[in-house]
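Since the structure comes first, as structure tokens, the remarks are kept for the end.
Position 1 is the first residue of the sequence; numbering continues from there. Order of appearance sets the numbers: ligands from 1, and atoms from 1 within every ligand. No experiment lies behind these values; they were computed from the predicted model shown.
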Amino acid sequence: RVPDDKDPLSTVAPYACQRRTSITHHNAQITDALDILAKAAAFQGSEVRSLAFTRAASVLKSLPYKLQSVEEAKNLVWCGGHCQAVIQEILEDGVCHEAEALMTSEQYRCMELLTGIYGVGVRTAERWYKEGVRNLSDLENPNIKLNSDQKAGLAHYTDLNQPVTREDAERVEHMVKDTLYRFVPDLKITMTGGFLRGKQQGHDVDFLITHPDEEALSGLLKKAVDWINRQGLLLYHTMKARSHVHAYKRSTHMDGHETCYAIFALPHPDTSNSESEVPGGDLTAPAARAWRAVRVDLVVAPYNEYPFALLGWTGSKHFERELRRFSWNEKKLSLNSHGLYDMEKNCSIPATSEEEIFSLLGLQYVPPPYRNA
Ligand code: 8DG
Ligand code: MN
Ligand code: MN
């Protein structure tokens, strides 16, 4: 069926980066179920099926009204038969039995538990599941080898699975800025990720750091991390050095920016004093401690790559994926967190703001609060 201008449904564009998607929307019950189906498919290693559910959920998150019948969904992009069945079931019964069954299945429960450990991805979790791991205590088995990320993730499991509130994030921001400005007072520091999109809570706090003078950035992360460590507030970190990323690496969200993936001990607001001791793990009951563990990502980008890094680190992950897919499929341009490349002319296209990048792609600017695809 050919969409026409009067059809409100025809306004749903096929790429998430062509749509506005707020945090709150009108079809949460349906998208919650689709998000579970997407996650379960990913847990089963079916990336393609997972993406299909994610796309359907994303379309419904951008709808400006509540779906009243499954008929209305038949005109929507990415809402195929399976998605329509989910919609119908929820509209009729108020629940999606498939999602309910998946969520209570042992595999889903274990995969959720294990991928909740910092440093554990789907593949590792799946291997452990096949080896019989069902609980965190099963990881004490000497046959299970944990890398250092995973050991830290396990040591701080409870705290890291406790949502980071906006108040927490603001206190982390204070700590990060206070530290970084000691070394370079006129740095540009932006909190990115979910909090920039207006989320009230997140799983970590992301920061992007830049300065027009490249010299000001050199060695900065190491100095900052050393300082935080001397305050007794660094629980764990790994540094990723700056690396060259090829323009054709557009299919991944990994980039070559210098990055510190850290776990900070964030002192509680009322108890923060320089004497608060930071032990090695979070085995003490959270209430008895004067701090909580928080995951923090610190990213350093050269000034000319800053708009691309900002666009790349603001998310959501699905919005990013769709931006790259749109750039490549519709414009034959390769977009990543370093720049925009014309592969045919073999040249990079500079930009000084996010607005300019959208405009170069022929897209309407989408402000961060509408990137919750
Ligand atoms: P949350 O933490 O509140 O749960 O949500 P989020 O802030 O949206 O998720 P995130 O996992 O912190 O990721 C934020 C954005 O950063 C997301 O769009 C993906 C992107 N991102 C990573 N790792 C990397 C990376 O190594 N390189 C690049 N370019 N982007 C990355 O998460
Ligand atoms: Mn984040
Ligand atoms: Mn992050």
For Ile30 and Ile90 the tightest heavy-atom approach is CA-CD1, 3.7 Å
Within reach of ligand 1, part of Met254 (heavy-atom separation under 4.0 Å):
both
So which protein heavy atom does atom 4 (O) of ligand 1 come closest to, and at what separation?
His203 ND1, 2.9 Å
Among the N/O/S atoms of Asp206, which is closest to the Mn ion (ligand 3)? Give the atom name.
OD1
Would you say the side-chain atoms of Ser50 pair up with the backbone N or O of Ala38, donor to acceptor, closer than 3.5 Å?
yes
Please list, in number order, the atoms of ligand 1 under 4.0 Å from a heavy atom of Gly315.
18 (O)
Pair Glu112 + Lys39: basic N to acidic O under 4.0 Å:
yes
Contact check, side chains of Arg171 and Leu266, non-hydrogen atoms, under 4.5 Å
yes
Checking the N or O distance criterion of under 3.5 Å, is ligand 1 in contact with Lys317?
yes
Among N, O or S atoms, Asp204 approaches the Mn ion (ligand 3) most closely through OD2
Return yes when His257 approaches ligand 1 closer than 4.0 angstrom through a heavy atom, no otherwise.
no
Is there a side-chain contact between Trp291 and His268 in this structure, where contact means two heavy atoms from C-beta onward sitting under 4.5 Å apart?
no
In the protein, which heavy atom is nearest to atom 16 (O) of ligand 1, and how far is it?
Trp313 CE3, 3.3 Å
Is there a side-chain contact between Glu355 and Ser359 in this structure, where contact means two heavy atoms from C-beta onward sitting under 4.5 Å apart?
no
Any N/O of Asp204 closer than 3.5 Å to an N/O of ligand 1?
yes
Show which atoms of ligand 1 fall inside a sub-4.0 Å distance from at least one heavy-atom site of Ser337.
29 (N)
Atoms of ligand 1, numbered as shown, that sit under 4.0 Å from any heavy atom of Gly193:
7 (O)
Among all protein heavy atoms, pick out the one at the shortest distance from atom 7 (O) of ligand 1; state its residue, atom name and that distance to 0.1 Å.
Gly194 N, 2.8 Å
Per-atom filter on ligand 1: closer than 4.0 angstrom to a heavy atom of Gly202 are 3 (O)
Any donor-acceptor pair under 3.5 Å linking the side-chain atoms of Tyr306 with those of Thr352?
no
Answer whether the closest heavy-atom distance between the side chains of Thr104 and Tyr108 falls below 4.5 Å.
no
Quick one: look at Asp206 and ligand 1, take heavy-atom pairs under 4.0 Å, and tell me if it's side chain, backbone, both or neither.
side chain
Trp313 side chain to Asp255 side chain, donor-acceptor N/O pair below 3.5 angstrom
yes
Are the aromatic rings of Phe53 and His82 close, with centres under 6.0 Å apart?
yes
Under 4.0 Å from any heavy atom of Asp255, which atoms of ligand 1 are there?
27 (N), 28 (C), 29 (N)
Just jot down the ligand 1 atoms closer than 4.0 angstrom to any heavy atom of Tyr261, in number order.
26 (O)
Residue and atom name of the nearest protein heavy atom (relative to atom 27 (N) of ligand 1), distance in Å to one decimal:
His253 O, 2.5 Å
4.0 Å heavy-atom contact, Phe308 with ligand 1:
no
Considering only heavy atoms from C-beta outward, does the side chain of Pro163 approach that of Asp168 to under 4.5 Å?
no
Which residue supplies the protein heavy atom nearest to atom 20 (C) of ligand 1, what is that atom called, and how far is it?
Gly312 O, 3.8 Å
What are the atoms of ligand 1, with element, lying closer than 4.0 Å to any heavy atom of Glu320?
18 (O)
Distance only, no hydrogens: is a donor on one side chain within 3.5 Å (strictly under) of an acceptor on the other, for Tyr341 and Asn346?
no
Just jot down the ligand 1 atoms closer than 4.0 angstrom to any heavy atom of Lys199, in number order.
1 (P), 3 (O), 4 (O), 5 (O)
